[in-house]
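Working notes, structure below.
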Amino acid sequence: QVQLVESGGGLVQPGGSLRLSCTASGFSLNHYSIGWFRQAPGKEREGVSCISGLHENTFYADSVKGRFTISIDRAKNTVSLRMNNLTPEDTANYYCATRSDYDVRRTCSGRYDFDYWGQGTQVTVSA
């Protein structure tokens, strides 16, 4: 079946790090842009970081630039998000999604249709 599965969330202290993974099954990521989005209670969904599966162009939201790194492993059909220097403001449910679009900035805007969504993984940053 076709699906996206996120993993790697958990509870970390401020200043800590986590690595999230998004693994696609049933289709190849080569012709998609893949995005990480987050949703915190009472806040709108935010595009965190996106990458194009073929050329590996990347985009980062200003709020995470310099702290987060997105990458793709085509052999594993997996996109990862390394998150460093985490703060309580990073607390959210993190989702990955795919769109048949090479433009990662457009993909990360979240304003267009997506083909697939994962179920999310919770990240909590607290002392």
Side-chain angles (χ1 to χ4, degrees):
Q1 61 180 349
V2 173
Q3 64 178 359
L4 295 172
V5 178
E6 302 98 333
S7 63
L11 174 65
V12 297
Q13 297 180 6
S17 299
L18 282 175
R19 183 179 179 88
L20 307 183
S21 295
C22 172
T23 298
S25 299
F27 70 104
S28 172
L29 295 174
N30 286 354
H31 296 104
Y32 294 83
S33 287
I34 307 94
W36 281 101
F37 298 82
R38 64 186 181 187
Q39 180 99 57
K43 296 183 178 180
E44 294 184 354
R45 187 176 64 209
E46 177 187 16
V48 176
S49 182
C50 293
I51 187 169
S52 59
L54 183 59
H55 298 296
E56 301 184 30
N57 297 317
T58 59
F59 172 85
Y60 298 92
D62 288 341
S63 59
V64 306
K65 195 173 298 182
R67 299 188 298 123
F68 291 10
T69 303
I70 193 169
S71 61
I72 186 168
D73 185 337
R74 290 200 189 93
K76 297 180 179 179
N77 216 29
T78 295
V79 170
S80 297
L81 185 69
R82 180 66 179 179
M83 307 184 296
N84 294 327
N85 299 318
L86 287 163
T87 75
E89 288 70 34
D90 296 314
T91 295
N93 202 354
Y94 284 70
Y95 302 85
C96 65
T98 62
R99 172 176 164 80
S100 299
D101 191 349
Y102 58 82
D103 190 323
V104 294
R105 183 179 295 269
R106 183 163 59 198
T107 295
C108 252
S109 75
R111 296 166 57 184
Y112 306 93
D113 292 343
F114 287 84
D115 299 285
Y116 306 108
W117 284 93
Q119 294 301 308
T121 185
Q122 179 67 35
V123 172
T124 302
V125 185
S126 176

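Note that the numbering runs from 1 along the sequence shown for the chain.
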Worksheet item: With distance as the sole criterion, is a donor-acceptor pair present between the side chains of Glu89 and Ser63 under 3.5 Å?
Response: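 Not at all, the side chains of Glu89 and Ser63 share no donor-acceptor pair under 3.5 Å.
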
Worksheet entry | Glu56/Arg74 salt bridge by N-O under 4.0 Å criterion |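 Answer for the salt bridge query: yes.
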
Hey, is the main chain of [Y] close enough, under 3.5 Å, to the side chain of [X] for a donor-acceptor pair?
X: Tyr60; Y: Arg67; result: no
X: Thr91; Y: Val125; result: yes
X: Ser52; Y: Asn57; result: yes

Worksheet item: Stepwise, does the side chain to side chain contact (heavy atoms under 4.5 Å, CB included) test hold for Trp36 with Phe68?
Response: CA-CA 11 Å; Trp36 281 101; Phe68 291 10; over 6 Å; no

Practice prompt. Show your working on side chain to side chain contact (heavy atoms under 4.5 Å, CB included) between Ser126 and Leu11 and close with a plain yes or no.
Written response: CA-CA 7 Å; Ser126 176; Leu11 174 65; 4.2 Å; yes

Worksheet item: Which side chain to side chain donor-acceptor pair (under 3.5 Å) pairs, counting each pair once, include a residue from residues 96-105, with sequence neighbours left out?
Response: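 Qualifying pairs, neighbours excluded: Arg99-Asp101, Ser100-Asp115, Asp101-Arg106.
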
Fill in: Members besides Trp117 in its Ile/Leu/Val/Met/Phe/Trp/Tyr cluster (side-chain heavy atoms under 4.5 Å)
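ILVMFWY cluster around Trp117 also holds Phe37, Tyr95, Phe114.
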
Worksheet item: Going through the checks in order, is the side chain to side chain contact (heavy atoms under 4.5 Å, CB included) test met by Ile70 and Val79?
Response: CA-CA 7 Å; Ile70 193 169; Val79 170; 3.8 Å; yes

Discussion item. Show every salt bridge (Lys or Arg N to Asp or Glu O under 4.0 Å) that has at least one partner inside residues 25-36, sequence neighbours left out.
Written reply: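 Those involving residues 25-36 do not exist here.
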
Discussion item. Per the salt bridge (Lys or Arg N to Asp or Glu O under 4.0 Å) rule, what does the pair list look like for residues 11-22, sequence neighbours excluded?
Written reply: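 Listed once each, the pairs would be none.
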
Worksheet item: Should the heavy atoms of other residues, nucleotides or ligands under 6.0 Å from CD of Gln122 be counted, would the total exceed 12?
Response: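 Counting neighbours around CD of Gln122, more than 12 heavy atoms of other residues, nucleotides or ligands fall under 6.0 Å, so yes.
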
Hey, what do you get for [atom1] ([X]) to [atom2] ([Y]), rounding to the nearest 0.5 Å?
X: Ser80; Y: Asp73; atom1: OG; atom2: CG; value: 7.5 Å
X: His55; Y: Ile72; atom1: NE2; atom2: CD1; value: 12.0 Å
X: Phe59; Y: Thr107; atom1: CZ; atom2: OG1; value: 10.5 Å

[X] to [Y] - nearest heavy-atom pair and separation:
X: Ala92; Y: Arg38; answer: CB-CB, 3.7 Å
X: Ala127; Y: Pro14; answer: N-CD, 3.7 Å
X: Arg45; Y: Gly110; answer: NH2-O, 3.9 Å

Discussion item. Can you confirm whether Leu81 sits close enough to Ser49 that some side-chain heavy atom of one is under 4.5 Å from a side-chain heavy atom of the other?
Written reply: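 They are in contact (side-chain heavy atoms under 4.5 Å apart), so the answer is yes.
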
Worksheet item: Is any side-chain heavy atom of Val123 closer than 4.5 Å to a side-chain heavy atom of Met83?
Response: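 SC-SC contact between Val123 and Met83 confirmed.
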
Please list, one pair per line, the donor and acceptor atoms closer than 3.5 Å that link side chains of residues 20-29 to other protein atoms, with sequence neighbours excluded.
residue: Thr23; atom: OG1; partner: Thr78; partner atom: OG1; Å: 2.9
residue: Ser28; atom: OG; partner: Asn30; partner atom: N; Å: 3.2

Item to complete: Report yes or no: do Leu18 and Tyr94 belong to one cluster of Ile/Leu/Val/Met/Phe/Trp/Tyr joined by side chain heavy-atom distances under 4.5 Å?
Response: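 Yes, Leu18 and Tyr94 fall within the same hydrophobic cluster.
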
Worksheet item: Applying the 4.5 Å side-chain criterion to the ILVMFWY set and letting contacts propagate, would Val104 and Leu4 be lumped into a single cluster?
Response: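 No, separate clusters.
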
Fill in: Partners passing salt bridge (charged side-chain N to carboxylate O under 4.0 Å, His left out) against Asp113 (at least two apart in sequence or in another chain)
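Testing Asp113 for salt bridge (charged side-chain N to carboxylate O under 4.0 Å, His left out), a comparison that skips the adjacent residues, returns none.
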
